[in-house]
Amino acid sequence: MNELIERADGRSSSSVSKKTTLVVAGENAGSKRAKAESLGVRLATPDEFASLVAEYVD
């Protein structure tokens with residue numbers, strides 16, 4: 001997933017902050033999902049993320 005983000009000129013991080021643009025989270029994502037929600041960060045499912053980066057996959 002990190003490689004796809006970098007191909008799309010993005011940066012991946014293991015933490016969520018107010019600078020975070022998107023968090024990919026499944027059903028039971030836990031505290032990172034909750035933090036993203038509290039900060040108003042956009043959430044995407046793994047399938048939504050796949051659609052966003054599909055054009056960067058060889």
Side-chain angles (χ1 to χ4, degrees):
M1 193 178 297
N2 291 337
E3 183 180 332
L4 288 173
I5 292 167
E6 290 170 8
R7 283 188 196 177
D9 294 325
R11 243 182 24 186
S12 64
S13 175
S14 60
S15 61
V16 178
S17 74
K18 64 182 180 179
K19 293 182 179 181
T20 304
T21 305
L22 176 73
V23 171
V24 180
E27 291 284 321
N28 299 313
S31 64
K32 288 184 183 178
R33 180 185 183 112
K35 184 166 184 180
E37 289 172 338
S38 73
L39 293 172
V41 173
R42 179 180 173 193
L43 292 168
T45 66
D47 288 339
E48 291 168 332
F49 173 76
S51 294
L52 289 170
V53 297
E55 67 185 81
Y56 298 98
V57 176
D58 293 329

| field | Rounded distance [0.5 Å steps], CZ in R11 versus CD1 in I5 | value | 11.5 Å
| Value rounded to 0.5 Å, distance of CG in L52 from CG in L4 | 11.0 Å
| message | Rounded at 0.5 Å granularity, tell me how far NZ in K18 sits from OG in S38. | response | 13.0 Å
| task | Without swapping roles, check the side chain of K32 against the backbone of S14 for a donor-acceptor pair under 3.5 Å. | result | yes
| Near E48 CD, under 6.0 Å, is it more than 12 heavy atoms from other residues, nucleotides or ligands? | yes
| query | Do E37 and L43 have side-chain heavy atoms sitting under 4.5 Å apart? | reply | yes
| message | Please give me the minimum heavy-atom distance between P46 and A25, naming the atom from each residue. | response | CD-O, 3.9 Å
| query | Between L39 and V16, is any pair of side-chain heavy atoms under 4.5 Å apart? | reply | yes
| query | Can you tell me if R33 uses its side chain to pair, donor with acceptor, with the backbone of V23 under 3.5 Å? | reply | no
| field | Minimum heavy-atom distance S17-V41, with the two atoms named | value | O-CG2, 3.9 Å
